[in-house]
Amino acid sequence: MHDIRAIRNDPEGFDAGLRRRGLEPQSAEILALDEKLRAAVTAKQEAETARNTASKAIGKAKAAGDEAEFERLRAEVSRLKEVMESQGAAEDTAKGQLDALLAGIPNLPAESVPDGADESENVEKRVWGEPTKLDFEAKDHVAIGEGLGLMDFEAAAKMSGARFVVLKGALARLERALGAFMLDLQTTEHGYQETAPPFLVRDAALFGTGQLPKFEEDLFGTDHFDRVSFKSDIEKVYEQIYNRSGDLHWFSEMVIESQLRAARQGKLFLIPTAEVSLTNIVREEILDDGAFPLRMAAQTPSFRAEAGSAGRDTRGMIRMHQFIKVELVSITAPEQSEDEHERMTACAEEVLKRLELPYRVVELCTGDLGFAARKTYDLEVWLPSQDTYREISSCSNCGDFQARRMNARFRRAGEKKPEFVHTLNGSGVAVGRALVAVLENYQNEDGSVTIPAALQPYMGGMEKIEAAS
RNA sequence: GGAGAGGUGGCCGAGUGGUCGAAGGCGCUCCCCUGCUAAGGGAGUAUACCUUAACGGGUAUCGAGGGUUCGAAUCCCUUCCUCUCCGCCA
């Protein structure tokens with residue numbers, strides 16, 4: 001969410017930031033709504049002031065028994081009430097339009113972010129390791145997993161459809177080992193506090209991190225709509241309306257509204273990333289600045305509807321509706337977030353280094369930046385079967401963008417005014433894709449898979465996964 | 001899921017239609033007095049927004065939203081959360 005005052009102060013700068021992202025200028029429309037809003041607020045408040053004054057006078061007139069004055073003031077107040085109502089309505093309209101507009105505008109890129117239209121213009125920052133060379137033809141992870149008899153897409157499809165998988169035996173354990181290894185690394189060596197958050201969250205939480213309102217189609221939602229309580233709701237609403245006016249038009253409108261409200265309020269969403277749960281831990285909080293940087297790590301499943309990605313990565317475990325991920329979140333003071341971003345990226349890289357998986361780091365250009373991010377580094381791991389690097393982690397500095405949306409603040413020692421925190425998130429790293437990378441980079445010609453040394457302790461000392469005979 | 005109780009300022013806690021942004025206490029800040037294992041007196045002490053060059057002025061907020069009323073912390077409705085008992089349950 002953007003600071004309306006910042007837009008007022010520098011509309012050109014705001015539009016320039018949007019243009020770097022390939023978006024149309026919006027400041028003129030925003031400021032026009034802002035003007036309307038403030039005019040209505042002022043007019044309403046003036047009417048309220050007059051109303052408050054008159055109300056006090058009414059009490060006095062009544063006490064003094066001055067009926068004429070009493071009646072005159074009542075008429076005055078009822079006129080003022082009309083002003084208050086019409087200006088209040090104008091305020092609500094303008095506020096609603098302004099909020100809707102602002103809620104849908106992405107974060108502005110940081111100064112240093114390279115300009116570019118799409119991912120083809122991302123900038124490679126560094127490369128670690130050599131792409132794995134195999135002296136035989138590389139199989140993809142599906143062939144390897146199915147060859148081992150430990151990866152079953154068909155069974156998953158029968159119960160859940162496409163983009164799900166069943167892992168068995170050593171592969172199921174390998175997934176567990178990867179998650180445990182990553183979580184241990186981030187918590188014991190990098191100072192992130194292990195956190196076990198909810199996987200189901202309210203819409204407000206998703207608004208806070210920026211998935212809502214624009215990206216609802218990417219989310220899985222639950223629906224707790226309850227017909228029985230809905231029926232009793234209708235009856236209550238009917239009672240309320242009937243007693244008041246008996247107007248059917250109002251009645252149907254209220255019913256619809258109450259129905260929508262009931263449906264919306266019962267609804268929880270499955271998290272598309274633990275970023276949502278972890279970042280929202282500080283929502284509506286005022287933190288002590290001694291708490292910084294606040295570092296949290298969680299291993300959770302992530303659920304993504306993958307709407308609009310039909311036909312992409314349909315084979316294998318690259319793009320699933322459900323996958324496990326170790327997520328890192330840092331909450332910092334504004335002046336710390338850039339350094340913390342570099343550090344967080346290094347914490348994610350360390351996972352791949354210890355697993356000895358070749359990777360590179362790219363900085364996303366302005367056109368490829370996510371909604372809430374002002375700057376992002378992606379980690380891409382080498383996949384022999386695709387002869388290319390594929391994303392396995394994404395580390396973003398969101399500045400105060402999410403903090404504003406969830407009202408997460410802190411107070412500096414000795415200061416009175418709270419300020420918005422900065423939030424950062426990064427995968428440290430995606431467990432499902434790490435499993436793919438291990439299988440492909442550690443595959444042997446005979447179809448077995450060597451287990452990276454760092455994982456062997458987590459595999460009960462197992463050194464190699466071989467086909468169950 | 002059923003029955004009941006409750007959500008007031010940094011904290012505790014009063015307040016059932018007007019003089020309540022809210023008594024009192026605690027805490028905190030400043031000042032005064034005193035001088036000794038301390039205490040006493042006084043003043044101040046919420047947030048957001050609008051407005052103003054500034055001082056200041058105004059509006060809203062007593063979990064949230066809506067309603068009744070000239071006027072609501074106080075009455076009504078909805079909703080969120082907390083607690084107690086019962087039921088169910090990994």
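Here is how names work: the chains are called A, B, and so on, in the same order as the sequence lines, proteins then strands, and each is numbered from 1.
For B/rA48, one of the phosphate oxygens OP1 or OP2 lies less than 4.0 angstrom from a side-chain nitrogen or oxygen of A/Lys417. Of the side-chain N and O atoms in A/Lys81, one or more sit less than 4.0 angstrom from OP1 or OP2 of B/rG71. Proximity of A/Arg202 to the phosphate of B/rC80: no side-chain N or O atom is located under 4.0 Å from OP1 or OP2.
Searching all strands for a Watson-Crick or G-U wobble partner of B/rU74 with both distances below 3.5 Å returns nothing. A 3.5 Å limit on both hydrogen-bonding distances identifies B/rG27 as the Watson-Crick or G-U partner of B/rU45.
One C1' atom belongs to B/rC80, the other to B/rG87, and the distance between them is 24 Å to the nearest Å. Remark: the separation of the P atoms in B/rG17 and B/rU74 is 11 Å, to the nearest Å. Using atom C1' as the reference point in both B/rA23 and B/rG15, the two lie 8 Å apart (nearest Å). With C1' as the reference atom, B/rC30 and B/rU51 are 31 Å apart, rounded to whole Å.
Between A/Glu338 and A/Lys375 there is no salt bridge, since none of the side-chain N atoms of the basic residue sits less than 4.0 Å from a carboxylate O of the acidic one.
When the nucleotides B/rC50, B/rC49, B/rC70 are ranked by their closest atom to the side chain of A/Arg38, B/rC50 comes out on top. The A/Arg409 side chain lies nearest to B/rA48 when the options are B/rC70, B/rA48, B/rU51.
Every residue was checked against the ring pair (Phe, Tyr, Trp, His ring centres under 6.0 Å) condition with A/Tyr192, not counting sequence neighbours, and none meets it. Annotation: ring pair (Phe, Tyr, Trp, His ring centres under 6.0 Å) contacts of A/His190 (sequence neighbours excluded): none. Remark: A/Glu327 pairs with A/Lys325 by the side-chain hydrogen bond (donor to acceptor under 3.5 Å, both in side chains) rule, at least two apart or across chains. Applying the side-chain hydrogen bond (donor to acceptor under 3.5 Å, both in side chains) criterion to A/Ser309, with sequence neighbours excluded, gives A/Glu306.
Applying the side-chain hydrogen bond (donor to acceptor under 3.5 Å, both in side chains) rule to pairs touching residues 82-94 of chain A yields A/Lys44-A/Glu91, sequence neighbours excluded.
Projected onto RNA chain B by closest heavy-atom contact, A/Ser78 and A/Asp34 fall at different nucleotides, the more 5' of which corresponds to A/Asp34.
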Report task. Report, as a single string ordered 5' to 3', how protein heavy atoms within less than 4.0 Å touch nucleotides 52-58 of chain B: B base, S sugar-phosphate only, - not at all. Result -> ------B
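Residue A/Arg5 is classed as a sugar-phosphate contact, given heavy-atom separations below 4.0 Å to backbone atoms only.
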